[in-house]
Amino acid sequence: MNAWPVRTYLLSWLALLALLTLTVVSAYFQLGTWNITINLGVATLKALIVIFVFMHLARSTPLLRLVAAAGFIWLAILTVLTLADVLTRPTAM
Amino acid sequence: VQTAEQYQDYAQQQDSARLGMWIFLATEILFFGVLLFVYGLSRTRYPEAFAVASRRTDVVLGTLNTAMLLTSSFTMALAVRAGELQLAQAARRWLYATAFLGAAFLTIKGIEYQKDYTDHLVPMLNFHFDAAHARGAEAFFGLYFASTAVHAFHVLIGLFIIVLFARALPGEEGVAFSSLRIEVLGLYWHFVDVVWIFLYPLLYLVSRA
């Protein structure tokens, strides 16, 4: 497997720092629900850069991608099941 | 580098090592996921207290630490790349750079903890907060300490293994070495970075405007 050029990693790092700047600057503006939307959106984007470039998932075998996705999907399943309990209690939160 | 005897070839050994680490990381996703889930529930229950409490965290140090960890992922990626190219010196240099940034992260985190302590923000130890938001703020700081402490412990373990692997690299250029374990260590390190990427906005940026 050929190593990726340094450029790829350098650009990813710069993108990560740019996203960090975006998220911290946006937090100082009163944007209502957009504050958390931007914060979590940026975090997701940063995570995807780290996972696909730094962790090489972009060039990994389909099996490895499936395993990586399975972790997150299983978390989503458990979250939904737990919410089904918590949100339907008589003394709702 | 020789293939271990239980594998047909080196490619299979590589696939197997990566698969093993990713399965471990899947358990880590669930582990940290639970903390984030409880955070979500508590924040919906005490939105104002979470906003007030989050403002008491040190956003400058938190942001600096985020940059530190993102950069350490970059240097780790370069260490893995140097390993792929069988460049022992470069791999060692980037591993030590990563360890340095990880140590800087932990130092800054320690300074923050000390500040939190003198500000009376440590639940079960010396927690004092204005009465209107005390319950929710205590929930926030309970989660803040639980998640950042567990995360810092992961960084500490990574740091230890990074130094161990860097020291084991051959001193001379041209001597073959196994880059696979550096790659797998890299997966772990990057994942710990991903965890922090989510912790950062949830702990430091709830309400800054």
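Only heavy atoms go into these numbers, but all of them, side chains included; no hydrogens, no water, no symmetry mates. As the structure is a prediction and not an experimental result, all values here were calculated from the model. Chain identifiers are assigned alphabetically (A, B, ...) following the order of the sequence lines, protein sequences preceding nucleic acid strands; residue numbering begins at 1 within each chain.
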* Under the side chain to side chain donor-acceptor pair (under 3.5 Å) test, residues paired with B/Tyr46 that sit two or more places apart ->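 Testing B/Tyr46 for side chain to side chain donor-acceptor pair (under 3.5 Å), a comparison that skips the adjacent residues, returns B/Arg135.
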Sequence neighbours excluded and cut-off under 3.5 Å, please list the side-chain donor-acceptor pairs for residues 16-26 of chain A, or say none.
unit_1: A/Thr21; atom_1: OG1; unit_2: A/Leu17; atom_2: O; d: 2.8
unit_1: A/Thr23; atom_1: OG1; unit_2: A/Asn39; atom_2: OD1; d: 2.8
unit_1: A/Ser26; atom_1: OG; unit_2: A/Leu22; atom_2: O; d: 3.4
unit_1: A/Ser26; atom_1: OG; unit_2: A/Thr23; atom_2: O; d: 3.0

What residue, out of [options], has the most heavy-atom pairs lying under 4.5 Å from chain B?
{"options": "A/Ile51, A/Val6, A/Thr44, A/Leu31", "value": "A/Val6"}
{"options": "A/Trp13, A/Tyr28, A/Tyr9", "value": "A/Trp13"}
{"options": "A/Val42, A/Ile36, A/Leu40", "value": "A/Ile36"}

* Per-residue contact mode, B/Val59 against chain A (heavy atom under 4.5 angstrom) ->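 For B/Val59, the contact with chain A is made by the side chain alone.
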* **Which atoms of B/Leu187 approach chain A - backbone, side chain, both or neither, heavy atom under 4.5 Å** =>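 Both parts, backbone and side chain.
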* Asked: Mind checking which of residues 60-81 of chain B sit less than 4.5 Å from chain A, heavy atom to heavy atom?
  ->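 Listed by number: B/Thr63, B/Thr66, B/Ala67, B/Leu70, B/Thr71, B/Ser73, B/Phe74, B/Ala77, B/Leu78, B/Val80, B/Arg81.
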Side-chain heavy atoms of [X] within contact of [Y], under 4.5 Å:
{"X": "B/Val192", "Y": "B/Trp189", "value": "no"}
{"X": "B/Leu121", "Y": "B/Phe129", "value": "yes"}
{"X": "B/Tyr113", "Y": "B/Asp116", "value": "yes"}

* Best-contacting candidate, B/Asp15, B/Val34, B/Leu205, against chain A by heavy atom pairs under 4.5 angstrom ->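 Of the candidates given, the most pairs with chain A belong to B/Leu205.
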* Based on non-hydrogen pairs under 4.5 Å, which of B/Leu36, B/Val194, B/Thr27 is most in contact with chain A? ->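 Looking at each option in turn, the highest pair count goes to B/Val194.
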* To do: Please lay out, stage by stage, how B/Tyr188 and B/Phe191 fare under the test ring pair (Phe, Tyr, Trp, His ring centres under 6.0 Å).
  => CA-CA 5 Å; B/Tyr188 170 83; B/Phe191 178 79; 8.0 Å; no
* Do the two ring centres, one from B/His151 and one from B/Tyr200, sit under 6.0 Å apart? ->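 No, too far apart.
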* Check each atom of A/Phe29 against the heavy atoms of chain B and say whether the ones under 4.5 Å are side chain, backbone, both or neither. =>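 Looking at A/Phe29, just its backbone touches chain B.
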* To do: Side chain from CB out, backbone as N, CA, C, O: work out which of these in A/Leu10 comes under 4.5 Å of a heavy atom of chain B, or both, or neither.
  =>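 For A/Leu10, the contact with chain B is made by backbone and side chain together.
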* Using a distance-only test with no angle check, is there a side-chain donor-acceptor pair under 3.5 angstrom linking B/His154 and B/Glu28? ->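 Indeed, the side chains of B/His154 and B/Glu28 share at least one donor-acceptor pair under 3.5 Å.
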Please set out all donor-acceptor pairs under 3.5 angstrom arising from side-chain atoms of residues 66-83 of chain A, sequence neighbours excluded.
unit_1: A/Thr79; atom_1: OG1; unit_2: A/Leu75; atom_2: O; d: 2.7
unit_1: A/Thr82; atom_1: OG1; unit_2: A/Leu78; atom_2: O; d: 2.6

* B/Asp119 with B/Arg56: basic N within carboxylate O range, under 4.0 Å ->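 A salt bridge is absent here (no side-chain N lies under 4.0 Å from a carboxylate O).
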